[in-house]
Amino acid sequence: MPAALNEKIAGWEPLVVAFCCNWCSYAGGDLAGTSRLSYPANVKVIRVPCSGRLNPMFVLRAFQRGADGVLVAGCHPGDCHYSTGNYHSRRRLSSFKRLVEFAGFEPDRFEVRWISSSEGDKFADEMEAITGRIKALGPNRKMRDARWQSVT
Amino acid sequence: MAERYLAELTKIRDAVRQDLLGGRINLLLGWEKGHYWWQSRPLFAEDEKDLERLTWDSFCAVNLSRYLLDELKDYQKIGVLVKGCDSRAFNRLLQDNMIARERVVLYGLPCPGMLDYSLLTAVAGVAPEGIDEENGRVVLKTVAGEKTVERDQLLLYKCRDCLYPDPVVYDQLLLIPRGAKEAPERYKSVTALEELPADERYAYWDKELSRCLRCYACRQACPYCSCRECFVEQDKPRWQGRAYQASENFLFHLVRAYHGAGRCIDCGECQRACPVVIPLQELNRKLIKDLNELYGQFEAGLNAELEPPLLTYKPNDPAAFSEK
Amino acid sequence: MKKIVTADKLPVLWSHLAGQGKLLLPVKEGPTVLFKEWTAGDEVALDAPTSAISPKDIFFPREETYMRYRCRGPVLELSAGEEFEPVTAFGVHPCDLKAFEMLDRVYLDQDPVDELYRDRRARTTVVALACFAPDPFCFCSVFGIDPVSAPGADVIAHLDRQSGNLMLEAQTVKGEALLKGDASLLTEANGQSYGPALVKTADFGLKLSGLSENLKGRFEDPAWDKLYKSCLGCGVCTYVCPTCYCFDVEDYGHEMAGERFRCWDSCMYGQFTLMAGGHNPRPSRKERIRQRFLHKLQYYPETYGEIACVGCGRCLRSCPVNLDIVQAIIALGGEQNVQR
């Protein structure tokens with residue numbers, strides 16, 4: 001293990017991967033854009049059909065390949081386009097988040113938020129907030145593939 | 001062998017012989033002795049002659065339920081000897097629709113807990129030449145003499161915090177039930193790890209997982225790992241790389257454990273099978289503990305009718321992330 | 001050349017050897033003993049029986065990158081994978097040393113030779129350690145291996161059980177170079193010798209003469225139908241085995257940059273023989289078990305003249321269902337007057 005797992009490097013900018021539900025948070029991001037709200041370019045959005053689509057391996061793969069933080073954004077409970085997808089993801093991601101923390105990740109590295117398509121301001125705020133929290137934590141080295149640096 | 005085991009073995013053999021010779025079952029899954037007195041390995045008995053090798057002692061740790069997945073392809077009706085954990089493994093497979101209940105005859109064996117040879121050696125100081133058991137104590141016989149130790153101190157890790165030594169599902173209960181047990185220390189190691197700072201916890205797992213050979217013995221021995229194609233073997237997309245990198249080891253072990261969330265019966269076969277003794281049960285128990293705290297008490301495999309926590313939900317469920 | 005290192009000086013010896021390159025030796029880690037790189041503070045386990053995993057990875061690492069590629073505009077740049085540094089492998093038991101000989105035949109006695117293996121071999125000084133107390137799992141005497149001598153090693157070490165002192169005897173030029181060190185650390189043996197302890201291992205009543213010939217034409221033997229049944233299909237046996245040498249090649253990266261590595265593979269895995277079109281000539285555990293044991297007991301002897309097992313006992317210790325090579329030999333008839 002390196003001496004400092006989250007040693008800061010000059011000029012470092014965090015990479016945050018945000019998995020956004022097609023029916024709510026992704027549209028929320030669109031609304032943030034059309035409302036001319038700005039949020040950090042550190043966030044890379046990946047659209048998924050539902051937060052229930054999220055295979056936990058997506059999160060781990062993101063950490064393996066350079067993510068400093070991962071956010072899953074889905075519909076508010078009760079609002080799922082498919083009725084129950086986010087109820088299932090609430091349970092799954094709750095236990096998965098605790099497992100990831102048990103493996104040694106800081107709680108802020110992996111988060112879940114409910115953002116509807118009408119909440120463009122919340123979308124921008126949350127992206128700002130998670131980027132700030134990850135900036136404060138420093139770069140993530142946990143589970144990062146040692147070979148990743150050499151191929152990027 | 002202790003008197004008690006001999007008497008019990010006679011009882012077991014009589015019961016299964018009748019069924020095997022009478023045609024009620026075509027195959028019996030049991031145990032036979034391996035090369036050593038501390039090894040009892042799976043026995044696949046088809047006839048009277050095979051049954052002579054049947055054994056029952058303190059080393060019958062192998063969970064036999066898993067073999068049903070393959071053997072039911074070749075045999076119409078199979079008898080299985082099940083300890084408490086094996087019976088819950090059976091329920092698990094039943095719940096996943098992997099086996100048909102009516103094609104299996106379960107012979108229930110309330111279990112005293114199985115012994116760990118490496119512990120016997122460690123406690124005796126040298127490799128023991130044999131053991132005697134009586135009244136909850138084990139007499140270790142070595143070249144240097146005898147040493148008597150409480151049996152509880154020599155149990156396999158997986159047996160130490162066993163809650164259900166008695167089979168929870170069976171067609172015939174062959175021995176006297178031992179009653180439910182308490183396991184106050186079941187989550188002790190999990191709690192200790194939870195209390196560490198994140199970086200130290202990462203360092204702990206980094207070191208433990210660095211021993212991993214990725215032989216997949218944990219997966220193969222596991223009664224819930226019954227997928228026809230595991231994510232490890234999937235190659236479009238390829239999830240699990242083959243390299244021996246920390247990152248690949250973490251991926252395998254976190255995903256393996258997570259696939260057992262709400263399904264793991266905590267039988268500990270994964271940890272017993274591990275050639276480098278990675279504390280896999282702590283990962284499994286972490287998930288059991290959290291799901292119990294968040295979504296109500298649930299022990300997988302106790303009742304095949306009860307829905308596991310990750311297959312259901314309530315509209316007002318709590319969440320472990322800051323947004324509720 | 002014979003030298004003695006007293007028990008209290010052993011930590012000095014480790015840092016002395018580590019100063020000359022990488023030092024690999026048996027280290028106690030948690031409940032297991034592993035053959036790994038020494039770092040200060042490690043609990044060295046010279047008196048332990050064989051390590052949980054064989055030390056074959058000294059020459060045949062679990063994973064080894066042998067090529068890197070990168071596209072810079074229209075130019076494809078290729079570079080070699082790893083630099084090799086000098087290695088001292090300390091405390092290799094005679095059974096594992098015999099296994100090195102078997103790997104050598106596969107990787108070196110052919111044209112072209114395996115360069116990665118050759119280079120690692122050339123940069124390594126092997127210090128063998130005579131056994132004094134075999135594990136109950138050991139059965140090397142079945143294969144005629146003397147547990148207290150190590151003909152192929154650069155140095156043979158004897159540990160004196162009472163004093164904990166170590167006697168080192170050079171057997172090659174490389175070995176002599178290793179022992180030319182600090183005189184306060186390595187003192188002359190002056191005719192002293194630690195008499196080889198009487199070591200006898202189990203033999204399970206195995207009778208191996210004629211077994212390989214006998215196995216010819218028994219590919220469809222009914223014994224295979226029973227033997228494989230308890231196999232779980234994991235790769236423990238192949239990964240702990242000192243004479244298993246199969247590997248796979250894989251890439252990591254993307255179209256613009258990446259690396260190619262080889263890593264251990266196991267004939268126990270379903271994907272081992274899976275072909276691109278979906279056909280698998282070894283579709284079930286039966287074919288895989290048969291392949292593994294016939295390779296050890298018939299194919300290897302046909303090519304190289306001896307059975308590819310050294311009796312280290314690791315599969316007897318580690319197989320979760322005790323389906324080990326002794327079970328196989330007995331099931332195939334290589335047994336006489338079994339004493340259990």
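Fair warning: this is a prediction, and the values are worked out from it, not measured in the lab. Letters A, B, ... mirror the listed sequences (proteins, then strands); counts begin at 1.
The candidate with the highest count of non-hydrogen atom pairs below 4.5 Å against chain B, out of A:Pro56, A:Ala103, A:Ser95, is A:Ala103. The greatest number of non-hydrogen atom pairs below 4.5 Å with chain A, out of B:Leu196, B:Asn249, B:Leu193, is found for B:Leu193. The most heavy-atom pairs under 4.5 Å with chain B, out of A:His76, A:Arg147, A:Glu101, come from A:Arg147.
Of the two parts of A:Arg91, the backbone and the side chain both hold a non-hydrogen atom closer than 4.5 Å to a non-hydrogen atom of chain B. For B:Lys314, the parts lying near chain A are the backbone and the side chain together; criterion is any non-hydrogen pair under 4.5 Å. Residue contact with chain A, scored on non-hydrogen atoms closer than 4.5 Å, involves the backbone of B:Asn316 exclusively. Only the side chain of B:Trp205 comes within contact range of chain A, judged by heavy atoms closer than 4.5 Å. For B:Glu200, no part lies under 4.5 angstrom from a heavy atom of chain A. Proximity to chain A is limited to the backbone of B:Leu311, based on heavy atoms less than 4.5 angstrom apart. There is no contact between B:Ser210 and chain A, counting heavy-atom distances below 4.5 Å. Contacts between B:Pro197 and chain A at a heavy-atom distance below 4.5 Å are absent for every atom of the residue. In this structure, the portion of B:Leu294 lying under 4.5 Å from any heavy atom of chain A is its side chain and not its backbone. For chain A, the nearby parts of B:Leu251 are the backbone and the side chain; heavy atoms of each come within less than 4.5 Å. Looking at B:Leu291, only its side chain comes within 4.5 Å of chain A, counting heavy atoms on both sides.
Electrostatic pairing of B:Glu185 and B:Arg160 does not count as a salt bridge here, judged by no charged N lying under 4.0 Å from a carboxylate O. Salt-bridge annotation for B:Lys289 and B:Glu194: present, with a side-chain N of the basic residue lying under 4.0 Å from a carboxylate O of the acidic one.
A cation-pi contact links B:Arg214 to B:Tyr244, judged by a cut-off of 6.0 Å to the six-membered ring centre and 45° from its axis.
Proximity of B:Tyr164 to B:Cys85: side-chain heavy atoms (C-beta onward) are nowhere separated by under 4.5 Å. Looking at heavy atoms from C-beta onward, A:Glu111 lies in side-chain contact with A:Lys97 at the 4.5 angstrom threshold.
The aromatic rings of B:Phe250 and B:Tyr202 sit parallel to each other, their planes meeting at less than 30°, with 60° as the upper class boundary.
Checked against the 6.0 Å centroid criterion, the rings of A:Phe63 and A:Phe105 qualify as a close aromatic pair.
Rounded to the nearest 0.5 angstrom, A:Arg53 CZ and A:Cys21 SG are separated by 13.0 Å. One distance of note links CG of A:Leu54 with CZ of A:Arg92; it measures 9.5 Å at 0.5 Å rounding.
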